[in-house]
Amino acid sequence: MDNETIGSTLDQVADLLEIEGASVFRVRAYRGAARTVSALASPVSTLPDKGPGSLEELPGIGKDLAGKIRELAETGELALLHELKSRTPESLIHLLELPGLGPKRAKAIHEGLGIDTIEELEKAAREGRLRALKGVGPKLEAQILEGIAARAARGKRISLAEAEAQVEPIVARLREVVGVSQIEVAGSYRRRRDNVGDVDILVAADASVAIGKKLISDPATDKVLADGDTKTSVLLKSGLQVDLRVVPASSFGAAMHYFTGSKAHNIAIRTLGVRRKLKISEWGVFQEDKRLSGEREEDVFASVGLAWVPPELREDRGEIDAAREGKLPKLVERADLRGDFVGGNLDADGIAAIASACAAKGAAWLVVLGATRHDVERAQKHAGKVKLFAGAVVPIGADGSIGTSEDVDVVIGEIHAADLDEKSLTQALVAAAKSGRIHVLARPSNGGKPKQFDVEAVAKVCREHGVLLGLDARPAFLAGADGYARAVKDTGARIAITSRAANADEAAHIRFGFDQARRGWCEAKDVANTLSAEAFETLLARR
DNA sequence: GCCGTTTTCGGCCCGACTGTTTTCAGTCG
């Protein structure tokens with residue numbers, strides 16, 4: 001069973017436990033494990049049984065959960081889940097997806113009314129039977145019906161690129177409101193997750209400033225979900241939910257920290273606060289009701305003895321220990337960009353256009369995929385100072401054999417292996433990396449869905465043979481790229497971020513690759529795109 | 001179910017909002 005499925009199975013267990021009324025801490029443990037396993041770059045089966053790197057060593061996973069995860073990985077089944085399903089109908093899990101319905105009410109609905117499915121729930125709500133339950137009145141009943149009607153559109157996450165395109169113009173309009181001193185987008189958007197579920201905009205201003213009204217009247221707004229003094233929520237016409245929160249400037253740092261999350265990171269930070277007898281909230285850092293700080297985000301970290309942590313790292317994946325020990329990575333920055341891999345049947349004019357757009361972003365070299373040395377030589381005259389390399393993408397066979405290509409400077413090996421299992425895929429990639437015929441090993445993907453393989457094992461071979469590991473920066477190919485980058489970095493190998501842009505607009509997508517590399521703790525030295533043209537050429541020759 | 005600068009047992013983040021209540025439980029982020 002692959003890691004993602006193991007994660008969602010553990011989430012199901014958590015849902016059912018929650019409905020049963022199990023300890024919230026036990027539920028949290030399962031959710032934490034689900035998150036941790038889903039984010040692993042390599043399949044659970046490739047982890048060592050004991051000692052460093054084993055399941056038990058992962059934060060929040062102890063003996064019991066490690067056993068359950070192994071059970072799932074090896075057999076695809078989980079005895080506990082069967083047991084839970086025998087007591088509580090599985091279909092109740094779907095009730096939790098409705099706004100206003102949590103575990104307690106789902107349980108009450110099941111036990112009090114004998115309702116197990118959304119269809120039964122809808123019927124009962126229409127007939128006004130739900131309000132027979134304690135704590136449920138007409139408003140909740142209406143909300144549930146509305147939730148059922150809108151459930152297809154809810155909970156859908158969109159790519160970061162799409163979210164940027166929708167949110168940036170809105171933020172620009174909100175920024176114009178008089179009395180707004182600071183405005184930032186927080187949440188997973190600020191952490192640069194490859195997909196976002198909703199968008200949190202944080203504003204420093206007096207509560208009296210009419211910024212909520214401005215959002216409500218924004219041309220992109222479709223529907224108002226909440227409209228209070230400090231919080232306004234709307235649904236955009238696209239279906240994206242935007243939450244706007246107004247805080248005083250004195251709390252802006254604490255609020256930024258809080259609303260940036262992640263939830264797991266916040267819990268970890270607050271737990272550190274508790275040990276120091278501090279209370280940390282979105283309003284600031286408090287000691288016995290006395291407010292100590294909160295104007296700047298750094299204040300929150302400093303209050304628990306930590307250095308400021310870049311948002312991309314705030315996933316409770318070791319950043320807190322690193323911040324305490326002064327071992328945070330100096331993350332690669334977009335300004336470090338020196339080169340990219342572009343392509344897509346470009347003619348000399350197209351190459352020149354991309355070269356000039358990339359040069360404006362700091363590029364000193366470009367690998368042009370699908371171009372011959374002759375094409376590149378001709379285009380070089382119009383490419384200014386940007387050094388061009390001819391590149392080719394060649395197929396890797398299921399046995400690791402490398403296909404043929406034109407005589408080019410840079411060869412990217414790409415495996416098309418929808419049907420290969422983890423082990424065969426790993427073997428093929430290792431063989432390709434050892435072949436001495438490729439410079440970059442593309443990340444295996446099945447139409448944007450990453451294929452699982454033993455990243456550590458492959459990256460180790462790549463490091464030994466001077467092969468770069470590709471990270472496709474196109475928005476549809478970013479899933480799991482952060483964990484992949486982290487695994488590559490940890491083995492000491494280097495990644496190569498490839499925009500594969502066919503035009504200047506697409507070349508700007510390289511930033512999404514940088515985002516994921518940052519989420520993967522990569523420093524400039526871990527990313528080949530930061531090399532000067534000379535250093536990149538040397539690297540090509542050395543392989 | 002996890003975990004240890006209080007701890008191997010007894011804790012486990014914090015606040016806002018909502019709808020239903022006459023003091024609070026449930027949900028959400």
Side-chain angles (χ1 to χ4, degrees), chain A residues 10 13-14 17-19 21-34 36 55-69 80 95-109 130-144 147 154-155 186-189 191 196-200 202 207 225-233 241-247 251 254-255 257-286 294 300 303-305 316 320-321 324:
Chain A
L10 293 174
V13 170
L17 282 172
E18 219 174 5
I19 294 171
S23 148
V24 292
F25 303 108
R26 189 176 172 211
V27 172
R28 185 189 292 172
Y30 276 89
R31 294 220 189 277
T36 301
L55 276 173
E56 279 92 342
E57 298 273 307
L58 294 169
I61 296 181
K63 207 171 155 214
D64 183 277
L65 277 167
K68 300 220 164 56
I69 293 165
L80 171 65
L95 303 194
L96 303 181
E97 293 160 14
L98 300 171
L101 272 195
K104 300 280 164 51
R105 286 180 186 140
K107 185 179 187 185
I109 286 168
L130 289 189
R131 46 187 103 166
L133 295 170
K134 192 163 179 244
V136 180
K139 286 212 176 169
L140 211 46
E141 209 170 53
Q143 187 188 337
I144 287 168
R154 277 190 63 84
S188 53
Y189 185 101
R191 300 201 311 279
V196 300
D198 58 14
V199 170
D200 297 295
L202 196 61
L225 300 174
D227 180 19
D229 285 344
T230 64
K231 179 182 165 178
T232 305
S233 286
Q241 182 173 330
V242 175
D243 297 336
L244 177 74
R245 294 160 205 273
V246 184
V247 298
S251 294
H257 178 259
Y258 174 73
F259 288 113
T260 297
S262 67
K263 190 171 178 174
H265 169 91
N266 285 354
I267 289 177
I269 292 285
R270 287 172 183 212
T271 303
L272 289 181
V274 170
R275 285 198 205 133
R276 294 178 176 228
K277 306 230 185 291
L278 297 175
K279 195 181 59 165
I280 299 171
S281 77
E282 61 266 49
W283 300 107
V285 179
F286 298 84
V300 176
S303 74
V304 289
D316 195 20
I320 290 174
D321 287 342
R324 181 168 35 232

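Residue numbers begin at 1 in each chain, while the letters A, B, ... track the order of the sequences. Just so it is clear, the structure is predicted and the values come from calculations on it, not from any experiment.
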- [ ] Kindly compute the distance separating CD (A:Glu18) from OG (A:Ser23), expressed to the nearest 0.5 Å.
- [x] 10.5 Å
Open item on the list: If you define the side chain from C-beta out and look only at heavy atoms, does anything of A:Leu96 sit under 4.5 Å from A:Ile19?
Closed with: yes
Open item on the list: Rounded to whole Å, please give me the gap between NE2 in A:His257 and P in B:dG29.
Closed with: 19 Å
Task: Distance, P atom - from B:dC13 to B:dG19, rounded to whole angstrom - done: 28 Å
- [ ] Please tell me which of the listed nucleotides, B:dT20, B:dT27, B:dG1, lies nearest to the side chain of A:Pro138?
- [x] B:dT20
- [ ] For A:Val136, check side chain to side chain contact (heavy atoms under 4.5 Å, CB included) against everything at least two apart and list the hits.
- [x] A:Leu130, A:Leu133, A:Leu140
- [ ] If B:dC17 has a Watson-Crick or G-U wobble mate with both distances under 3.5 Å, name it; if not, just say none.
- [x] B:dG26
Task: d(CG, A:Leu58; P, B:dC2) in whole Å - done: 12 Å
Open item on the list: Using a 4.0 Å heavy-atom cut-off to protein, can you give one letter per nucleotide of nucleotides 4-16 of chain B, 5' to 3': B if the base is in contact, S if only the sugar-phosphate is, - if neither?
Closed with: --------BBBSS
- [ ] Quick one: closest heavy-atom pair of A:Leu80 and A:Lys68, and the distance?
- [x] CD2-CE, 3.7 Å
TODO: Name the nucleic acid region contacted by A:Val136, choosing base, sugar-phosphate or nothing; use a 4.0 angstrom heavy-atom cut-off, strictly under.
DONE: sugar-phosphate
- [ ] Pick the P atom in B:dT7 and in B:dG11, then give their distance to the nearest Å.
- [x] 13 Å
Open item on the list: Between B:dC3 and B:dT8, how far apart are the two C1' atoms, rounded to whole Å?
Closed with: 9 Å
Open item on the list: Measuring to OP1 and OP2 of B:dG1, would you say a side-chain N or O of A:Lys68 lies under 4.0 angstrom away?
Closed with: yes
TODO: Would you name the heavy atoms of A:Asn266 and A:Tyr258 that are closest together and state the gap between them?
DONE: ND2-O, 2.9 Å
TODO: With the side chain of A:Arg105 defined as its heavy atoms from C-beta on, choose the nearest nucleotide among B:dT20, B:dG26, B:dC2.
DONE: B:dG26
Task: B:dA25 versus B:dT20 - spacing of their C1' atoms, nearest Å - done: 9 Å
Task: Atom-to-atom span, CG of A:Asp321 to C1' of B:dC3 - whole angstrom - done: 13 Å
Task: Inter-residue atom distance A:Ile69.CD1 - A:Thr36.OG1, 0.5 Å rounding - done: 8.0 Å
TODO: Report the residues that fulfil side chain to side chain contact (heavy atoms under 4.5 Å, CB included) with A:Ser262, sequence neighbours left out, ordered by chain and then residue number.
DONE: A:Arg191, A:Ala264, A:His265, A:Glu315
Open item on the list: Quick check for you: among B:dG1, B:dG26, B:dG19, whose closest atom lies nearest to any side-chain atom of A:Lys104?
Closed with: B:dG26
Open item on the list: Reading DNA chain B from 5' onward, which residue's closest nucleotide shows up sooner: A:Glu141 or A:Gly62?
Closed with: A:Gly62
Open item on the list: In whole Å, I'd like the distance from the CG atom of A:Leu96 to the P atom of B:dG26.
Closed with: 14 Å
TODO: Nearest whole angstrom, please: distance from the P of B:dC28 to the CG of A:Asp200.
DONE: 16 Å
Open item on the list: Classify A:Leu101 by what it touches in the nucleic acid, base, sugar-phosphate, or nothing, heavy-atom distance under 4.0 Å.
Closed with: sugar-phosphate
- [ ] Sticking with atom P, work out how far B:dG26 lies from B:dT21, rounded to a whole angstrom.
- [x] 13 Å
TODO: Report the distance from atom CD of A:Glu18 to atom P of B:dG26, rounded to the nearest whole Å.
DONE: 12 Å
- [ ] Can you tell me the distance, in whole Å, between the NZ atom of A:Lys134 and the P atom of B:dT20?
- [x] 13 Å
Open item on the list: From CG of A:Leu140 over to P of B:dC28, roughly how many Å is that when rounded to an integer?
Closed with: 10 Å
TODO: Pick the P atom in B:dT6 and in B:dG1, then give their distance to the nearest Å.
DONE: 27 Å
Task: Closest non-hydrogen atom pair, A:Gly60 against A:Leu65 - done: O-CD1, 3.8 Å
